[in-house]
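For reference, the structure discussed in these notes is given below.
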Amino acid sequence: MLIKNQLAELVKQAIARAQTAGALPAFPAPAVFVERPQKKEWGDFSTALPLKLARAAQRAPLQIAQALAAHVPPDDAVGRVEARAPGFVNFTLSDAWLARQVDAILAEGARFGNLQPERRLKIQVEHVSVNPTGPMHVGSGRNGAIGDTLANILQAAGHDVQREFYINDNGSQVRHFGESIFARYAQALGRDEKLPADGYQGGYVVEMGKHWAQQHGDRFLKMSRDQAVRELGRLGIDVVVASLRETLLRMNVRFDTWLSERSLHEDGTFAQALKILQDQGLVFEKDGATWFAAQALGEAKDEVLIRSPQVIAEPDERPTYLASDIAYVWNKLALREFDRAIYVWGADHHGDVARLLAATRVLGLDEKRVRIVIYQFVTLRRGGEAVRMSKRTGEFVTLDELIEEVGPDAVRFMLITQSANSTLDFDLDVAVKQSEENPVYYVQYAHARIASILKKAAESGVSSAGGDVALLTHPAELELIRAMLRLPEIIELAATKLEPHHLPHYGIELAGIFHSFYKQCRVVSSDPADAALTRARLKLVAAAQHTLARTLNLMGVRAPETM
RNA sequence: GCCCCUGUAGCUCAGUGGAUCAGAGCAGCGGCCUCCGGAGCCGUGUGCGCGAGUUCGAGUCUCGCCAGGGGUACCA
């Protein structure tokens, strides 16, 4: 159990004991909470409960605080309990208990930080899901960094997590893409074929055209143009999806499943979901199109589900994004029975949130099972100048280039350090220059430094075997232990709020506290009189190393033995 | 017009469901290498966009305003 919850339990008991003793009047049991106070002098944990209880208890807050403090049952984790104005009860953990946590952390090893949830949920994190018509840019990199880190965090929080990439292979973009490839293909065969006005201009499309001209000769010129465009579009998507997988792997982002949008239409999932909407009279025909009566549900306007054949002839292009979304949420929650479906979407999709939730309700599903994490845009700059990013024109800095320039660890770290709600200004010049001073290296350095200490110890023939953690009483040692104990709380916070940015901030703090400890406390001492302390400190730094490694790995960042 | 996000130190940003909230990193300045990695440590800071409101108490909640970004298609 988290020490925080253990203390909350003590507070609960203190209320009951104080009431029994007549120190507090009877009142209904309140929701007890314990928080981390801001200043060290206020202890490790505190509760402002007396301030909240003042009305119900008909007493001054400070008086309640004193009554509670006096009735907290003894506990070996608690060193000191103090009532403080204007109405707080502060807890300081006992030094002996803190020291013992080193052994506890070592016993947990790589599992340290994991939580046991009240209920283990089956959670799907669907992220990136970028249009498979070209290389990834930095914005979708942010998506992947956020999504993958969230998935890691939820797993650590004790849930059953599946990571999915949704392949948008059913829209008109597939056709546009196919037309562009066809043009390049025909050009490669010496035909005078123009790239469509709004076609994809990237060099990779030229490469694809050449490649298939070489591989298939004029095969695609012999079939109908429609057929050729469709087939080349699909081939192109397969190639791009494979390269997206490579790029993501470079960032240490892996998926369990890749789900095709087209399959939702081909296997009848959409038809099934549509039927449910139709049965409720929420679907109507107008101007040849099939509409979702969103207005009847309080939305701003009705939405097209299937476009009119007068506008779009190609059947693959007729369902809109919303149609697929509805089929997809049905697939996630009803067919695959995820308790939670987490979507990681860029800010440009925020307008779709309300519609998706409305559709979810109408499908008879609990909208609380859908969680949408919206992240704001990444502005890429070079030397202060904004770099325009457009897939159509091909003028963008790809994620691959960024990883090449800055390094995968620094990229991942930078992409999640800022809260998803903030736009991210990414200056390439600064990023490259900064990579030496990037906080990620600060954290990694702490890990490598410990590896070096452990190596030094091994070379000197000392080990932590039999180390007595009770010898860890130096303020810097206790400070380090306190910092390590925060990891599970950070995981809980990040998992509950779906906010991965707490992790890098914690890592920087933990590394700083370690470096400070390192300066103050010699670990491997050559003085024989220090032998016992050395063994204890070796345990301490090994625990710190586990904690740092865990923090880094949750972010998908390496924990190196050497820099 | 309407909807969403943001505005905190020179810069980039943290700050849980109000109270014991003003913080970190970088940049700058000044110190610290005679046993473990100086990619480090220690010191140094008159800043919460503006104005009201709610409260015992507001970066934090409510409303209005200003500024920046995004959305508002039979595009995805």
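So that the names make sense, note that chain A is the first sequence line, chain B the second, and so on, each numbered from 1.
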Q) For B:C33, is chi within 90° of 0 (syn) or not (anti)? A)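 Judged by the O4'-C1' to base torsion, B:C33 sits in syn, the angle falling within 90° of 0.
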
Q | For B:G59, glycosidic torsion class - syn if within 90° of 0, otherwise anti | A |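 Here B:G59 takes the syn form, which means its glycosidic angle is within 90° of 0.
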
Taking only the [atom1] atom of each, what is the distance from [N] to [M] in whole angstrom?
N: B:U72; M: B:U54; atom1: P; value: 39 Å
N: B:G47; M: B:A24; atom1: C1'; value: 14 Å
N: B:A73; M: B:C66; atom1: P; value: 25 Å

Q: Specify the residue among A:Phe517 and A:Val89 whose closest nucleotide of RNA chain B lies further upstream toward the 5′ end.
A: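 Result: A:Val89.
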
When we call it a touch if two heavy atoms are under 4.0 Å apart, what does [X] touch: a base, just sugar-phosphate, or nothing?
X: A:Asp425; result: sugar-phosphate
X: A:Ser172; result: sugar-phosphate
X: A:Tyr442; result: sugar-phosphate
X: A:Lys519; result: base
X: A:His502; result: sugar-phosphate
X: A:Ser526; result: base
X: A:Ala347; result: sugar-phosphate

Q: Round to the nearest Å and state the distance from A:Asp316 atom CG to B:C74 atom C1'.
A: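 From A:Asp316 CG to B:C74 C1': 16 Å.
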
**Q.** Integer-rounded Å distance: B:A19 P and A:Asn90 CG
**A.**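 Nearest whole value for this atom pair: 14 Å.
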
Q.
I need the single residue from A:Leu53, A:Leu49, A:Leu51 that forms a side chain to side chain contact (heavy atoms under 4.5 Å, CB included) with A:Ile64. Which is it?
A.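 Per the side chain to side chain contact (heavy atoms under 4.5 Å, CB included) rule, the option paired with A:Ile64 is A:Leu53, out of A:Leu53, A:Leu49, A:Leu51.
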
Q. Is any N or O donor-acceptor pair between the side chain of A:His501 and the base of B:C13 shorter than 3.5 Å?
A.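 Checked by distance alone, the answer is no.
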
Q) Is any N or O donor-acceptor pair between the side chain of A:His350 and the base of B:G71 shorter than 3.5 Å? A)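 Answer is no: no donor-acceptor pair is held.
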
Q | Flag for A:Thr92-A:Asp44: side-chain donor and acceptor within less than 3.5 Å | A |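 Their side chains do not contain a donor-acceptor pair, so the 3.5 Å distance test is not met.
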
So, is [X] near the phosphate of [N], with a side-chain N or O under 4.0 Å from OP1 or OP2?
X: A:Ser422; N: B:A14; result: yes
X: A:Ser419; N: B:A14; result: yes
X: A:Asn421; N: B:U6; result: yes
X: A:Gln376; N: B:G69; result: no

